[in-house]
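Quick notes on the structure that follows.
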Amino acid sequence: MTLSQPKADLQRYLQSARDALLWKLEGLSEYDVRRPLTPTGTNLLGLVKHAAGVELGYFGETFGRPFGEVVPAFEDDAEANQDMWATADESREDILALHRRVTEHANATIAELPLDAVGRVAWWPDERSRVTLHQILVHVISDLQRHAGHADVVRELVDGSVGLRSGNENMPAGDRAWWEGYRQRLEQVARDAK
């Protein structure tokens, strides 16, 4: 049995969530990474931009560690939901570069603080706003994994690609005909359930 190293374990899961989210953009056109595919506009590049904002707030402001640059989408006067899509002035490269810089900032916070370091989440209710780095790591991992799941669904809607990560689909083997038969079977079971 390998001995657990709590901070390293949490960092590994955080990086796994980041990687899963970024991987969903690979090989897609500029249109496809921006394309809103749900009634609320969920899109792949917006999920990456939002993830950067999540880490910026929780690993920056929460622990009194300013990021050092202004990011308009995350300012108090930003347009509603501006963190969930790339504007016409923001390229994929801009969003990915922002994500890299925020990741470096977050990693520095994690490296420099102990898991029991205390911070304050200003946008949470007062009774639960006082937190530790450990709590925030768990919270952010949970949040990013949720968004990676959103990205899984959106990517499948874009081009049918599925999988846990590059080189590991983590899906049953089956060709297009097998999957269509499977889907039809599920549809029939759903209809019969009424």
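The structure presented is a predicted model; accordingly, all values stated were derived computationally and were not measured.
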### Query
Ion pair present between R120 and D126, side-chain N to carboxylate O less than 4.0 angstrom?
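Salt bridge flag = yes for D126 with R120.
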
### Query
Is E187 salt-bridged to R191, going by a charged N under 4.0 Å from an acidic O?
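A salt bridge links E187 with R191.
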
At what distance, to the nearest 0.5 angstrom, does [atom1] of [X] lie from [atom2] of [Y]?
X	Y	atom1	atom2	value
R34	E90	CZ	CD	7.5 Å
F67	T109	CZ	OG1	10.5 Å
H50	H99	NE2	NE2	11.0 Å
L45	R35	CG	CZ	14.5 Å
H150	K24	NE2	NZ	13.5 Å
E55	R101	CD	CZ	13.5 Å

Please name the pair of heavy atoms, one in [X] and one in [Y], separated by the smallest distance, quoted to 0.1 Å.
X	Y	answer
T42	T38	N-OG1, 3.0 Å
A17	A148	O-CB, 4.4 Å
G60	H105	CA-NE2, 3.8 Å
A122	E61	CB-OE2, 3.7 Å

### Query
Would E75 and Q82 count as a side-chain contact (heavy atoms from CB on, under 4.5 Å) if you check the C-alpha gap in whole Å, the side-chain angles of each, and the deciding distance to 0.1 Å?
CA-CA 10 Å; E75 293 295 303; Q82 188 175 340; over 6 Å; no

### Task
Return yes when atom CD of E69 has more than 12 non-hydrogen atoms of other residues, nucleotides or ligands closer than 6.0 Å, and no otherwise.
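Buried by this count: over 12 neighbours within 6.0 Å.
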
### Task
Give a yes or no on whether R12 atom CZ has more than 12 heavy-atom contacts from other residues, nucleotides or ligands under 6.0 Å away.
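Enclosed.
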
### Query
Looking at side-chain heavy atoms only, is the closest gap between H134 and D116 below 4.5 Å?
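When only atoms from C-beta onward are counted, D116 and H134 do not touch, as no gap falls below 4.5 Å.
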
### Task
Find out whether K7 and P114 are in side-chain contact, i.e. whether some heavy atom of one side chain is under 4.5 Å from a heavy atom of the other.
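No, every pair of side-chain atoms sits at 4.5 Å or beyond.
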
Do [X] and [Y] share a hydrophobic cluster (ILVMFWY, side-chain heavy atoms under 4.5 Å, transitive)?
X	Y	value
V153	W23	no
L98	L56	yes
V71	L47	no
V162	L21	no

Going by atom types only, do [X] and [Y] share a side-chain donor-acceptor pair under 3.5 Å?
X	Y	result
D159	S161	yes
Q15	Q11	no
Q188	D192	yes

### Query
Would L44 and D32 count as a side-chain contact (heavy atoms from CB on, under 4.5 Å) if you check the C-alpha gap in whole Å, the side-chain angles of each, and the deciding distance to 0.1 Å?
CA-CA 8 Å; L44 293 168; D32 283 335; over 6 Å; no

### Message
Let's go through W85 and E79 carefully: what are the C-alpha distance in whole Å and the side-chain angles of both, what is the deciding distance for side-chain contact (heavy atoms from CB on, under 4.5 Å) to 0.1 Å, and is it a yes or a no?
### Response
CA-CA 11 Å; W85 60 285; E79 176 186 334; 4.0 Å; yes

### Task
Only one of I95, D94, L96 passes side chain to side chain contact (heavy atoms under 4.5 Å, CB included) with R92; say which it is.
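The residue from I95, D94, L96 that satisfies side chain to side chain contact (heavy atoms under 4.5 Å, CB included) with R92 turns out to be L96.
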
#### Entry: Check: N43 side chain, G46 main-chain N or O, donor-acceptor pair, under 3.5 Å
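Yes; at least one donor-acceptor contact below 3.5 Å.
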
### Message
Whether the side chain of T132 engages the backbone of G119 through a donor-acceptor N/O pair (distance < 3.5 Å, no angle test) should be reported.
### Response
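Between the backbone of G119 and the side chain of T132 there is no qualifying donor-acceptor contact (under 3.5 Å).
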
### Task
List, by chain and number, the other hydrophobic cluster members for V131, where Ile, Leu, Val, Met, Phe, Trp and Tyr join if side-chain heavy atoms come within less than 4.5 Å, directly or indirectly.
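Members besides V131, by chain and number: L10, Y13, L14, V54, Y58, F59, F63, I110, L113, L115, V121, W123, W124, L133, I136, L137, V138, V140, I141, L144.
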
